[in-house]
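One structure is given here, and the rest of the page talks about it.
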Amino acid sequence: MSLKFWKPGTAEPGSNLDRATANEGNIVSSSPYSLSSQRERLPIYKHREKLLYCIEKYGVTIVVGQTGCGKTTQLPQYLFESGWASEGNIIACTQPRRVAATSVAGRVANEVGTILGDEVGYTIRFEDLSDKNRTRILYMTDGMLFRETLVDPLLTRYSVIMIDEAHERNIYTDLLLGILKKIRRKRPGLRLIVSSATLDASYFLDYFTSNNSPDEATIISLEGRMYPVDVAYAEKPTPDYVRAAAETAYNINMQHIPGDVLIFLTGREEIEQCLEYLAEMLVSLPRMATRLVPLALHAGLTTDDQLRVFENAEKGSRKVIISTNIAEASVTIEGIKFVIDSGFVKICTFNPSTGLSALVTVPTSVQSATQRAGRAGRTAPGICYRLYPSSAFDTLPRSMPPEITRTDMTTPILQLKSLGIDDLMKFEWVTAPPAETVLRALEGLVANGMIGEDGRLTVMGEQVAECPIEANIARMLFKSKEYNCGEEILTIAAMTAIQDPWVIPDGAPGALAELERRKFTAEEGDHLTLLNAYNAFVKHGKSSNWCKSHALSFRTMSRAVSIRSQLKKYMQRFGLPLNSCQGDAQSLRRCLVSGYVRNGARWLPDGTYRSVRGEQILHTHPTSVLFTRKPKSGWVVFHEMEETKKTQCVFFCSCFGGMDDGLTKCRIRIITEIEPDWLVEHGMVYQDKRKKPVE
DNA sequence: GAGCACTGC
């Protein structure tokens with residue numbers, strides 16, 4: 001039973017849209033550009049004079065251009081060539097991702113004919129390849145530029161700042177735009193370029209011209225360089241898009257000439273299910289048919305496995321890459337001719353009334369569906385199969401709600417306060433966060449002693465704002481002084497900042513890996529288990545082989561080492577002692593509670609937990625060492641919560657007009673057993689009544 | 001009872 005598709009006569013307008021990261025993406029090697037004639041052939045070149053004129057005349061220039069038009073690599077060079085980097089000034093270009101910042105900087109250094117780190121450089125966390133005196137074009141992550149505002153609030157080093165990929169609406173991009181609008185009032189000489197790959201960028205224009213002269217901002221559209229992508233829709237909704245995706249891939253293989261296939265699903269579980277379906281179908285693949293090579297792609301894979309999707313398929317075979325949203329912008333695979341789009345994505349949302357964030361599956365947006373389709377037209381015309389009817393497409397929101405509207409604002413608000421932005425109601429947000437999110441964040445900051453009675457930052461608040469880590473974790477670092485456990489808390493802080501370090505594959509190797517992981521188990525819970533893993537990693541010389549034999553990701557563990565040493569510098573600067581509690585797990589856990597006061601939960605005899613805030617039903621995540629065990633005290637704190645829905649049918653019904661039958665499940669990750677008194681000890685004052693664990 | 005979208009400092 002295969003899904004029938006309906007194909008509109010013409011390609012969907014704008015379906016060849018793509019995002020600018022594509023060429024700048026991950027891992028793909030790019031051909032060297034060294035000749036100026038190659039630069040002149042880029043579509044952006046004929047707009048050069050107009051762009052320079054606008055940047056000179058207007059404070060803010062909004063540039064709309066698709067992938068391959070060259071704005072990210074060329075615009076900073078045009079500015080450089082026309083003197084914007086004279087007198088020691090720097091031209092900055094921000095990127096949402098580290099790989100983009102590094103790879104674009106490398107290409108531009110090559111075009112300019114300089115060594116990377118000299119006239120052209122980049123700055124990302126843990127890597128600064130720039131020269132304080134010589135660098136004129138600086139690529140950086142938007143998070144780094146945001147951090148720089150805490151040190152130099154007017155960003156005086158820069159003459160032009162280009163915010164690239166602004167349409168992605170990351171929280172740092174949004175915060176930077178707000179701050180830069182403010183900076184422009186004090187430094188009218190500073191020029192701003194806001195670059196977006198989507199056509200509906202006029203809200204950026206409205207944003208910069210409101211409360212300003214109309215001459216403050218202008219908008220320019222550039223031509224793209226993409227091939228057309230035909231879009232086909234499912235005739236009817238499908239109850240099982242994972243199976244439908246596998247069937248569609250199979251049918252493409254039977255009907256079409258060679259060309260690789262890219263499937264967008266929401267997560268690892270679906271990807272593995274889809275691989276199984278495909279394996280079943282491939283048994284009946286006719287002998288003469290093109291061979292199918294299914295490959296998974298998601299962030300939880302090892303680097304080696306991720307790299308496999310870039311290898312060319314053998315002659316007479318076709319790659320089917322089954323991916324999460326990582327292939328939408330972060331990773332670019334050349335040679336994709338067919339895209340199969342489930343129409344769903346997992347996003348993180350935040351519930352201000354419980355203070356908990358959750359991972360939920362939702363329908364994508366028009367912008368995102370267009371972006372996914374564009375992945376089929378990078379090297380030749382392509383086809384995108386959408387596994388939902390065109391009537392469902394018409395109900396999709398234009399774009400995803402910006403991150404700032406669905407994230408905890410505690411840490412960003414602390415940082416804005418530190419910048420001297422005290423009246424958050426007057427701050428000109430591109431999109432304002434929900435009022436309740438702001439109120440809860442302020443309430444939490446007051447309760448945590450970061451903001452005083454007078455509404456100003458306390459000494460600890462000022463210092464926590466500087467730390468490159470979530471405010472609640474930073475609070476643990478500060479409180480470690482009282483519990484004599486600076487060493488251990490520092491490690492735990494670093495370990496919770498990374499992704500899950502364990503690599504547990506499917507099947508039999510997975511069971512073995514699971515046994516390896518159990519070796520690190522601490523009775524008290526996951527935080528101490530992570531501490532054990534880190535200490536063992538260091539004890540064994542931070543070796544990659546050791547990681548391999550203990551089911552740990554070397555890449556992730558190495559990142560924990562970097563983060564730890566960075567945080568250590570902050571602790572030393574703030575005079576926080578790096579004492580070890582010498583195995584005193586109780587002090588350590590009491591210190592943990594200081595950061596997790598909002599994340600308390602109590603155990604119930606049915607094996608679930610109830611959150612202290614909001615009485616929400618919580619389940620233990622299967623990766624937790626407390627998954628198979630009742631906490632003796634009956635109380636725990638947890639690092640984070642995620643919400644998942646039981647079946648795809650539910651996603652489908654609830655998201656595309658049906659009902660929600662309540663099969664959502666909240667899981668808590670990284671859990672540690674505590675005593676309930678410790679919650680009160682750490683300022684759980686606004687909690688009306690303390691419930692005893694039920695026996 | 002059984003499994004984690006993606007960034008970023």
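On a predicted model such as this, the values are computed, not experimentally measured, just so you know. Letters A, B, ... are given to chains in the order of the sequence lines, protein chains preceding strands, and every chain is numbered from 1.
- Look at CZ on A/Arg268: it is 8 Å from C1' on B/dC4, rounded to the nearest Å.
- A ring-centre distance under 6.0 Å is not found for A/Phe627 and A/His621.
- In this entry the distance linking CD1 of A/Ile498 with P of B/dT7 reads 15 Å, nearest Å.
- We find that CZ of A/Phe638 is positioned 16 Å from C1' of B/dC4, with the value rounded to whole Å.
- A donor-acceptor pair is defined here as one N or O able to donate and one able to accept, closer than 3.5 Å; such a pair exists between the side chain of A/Ser611 and the backbone of A/Gln616.
- The phosphate of B/dC9 (OP1 or OP2) has a side-chain N or O of A/Arg98 nearer than 4.0 angstrom.
- For the pair A/Glu514 CD and B/dG3 C1', the computed distance is 10 Å after rounding to whole Å.
- B/dG1 has its base stacked against the ring of A/Phe627, the centroids being under 5.5 angstrom apart at an interplanar angle below 30°.
- Positionally, the nearest nucleotide of DNA chain B for A/Leu297 lies more toward the 5' end than for the other of A/Leu297 and A/Arg559.
- As a whole-Å value, the separation of A/Met641 CE from B/dG3 P is 17 Å.
- Aromatic rings from A/Tyr241 and A/Tyr388 are positioned such that their centres are separated by 6.0 Å or more.
- A/Gln273 places its CD atom 13 Å from the C1' atom of B/dG3, with the value rounded to the nearest Å.
- To the nearest angstrom, P of B/dA5 lies 13 Å from CZ of A/Arg372.
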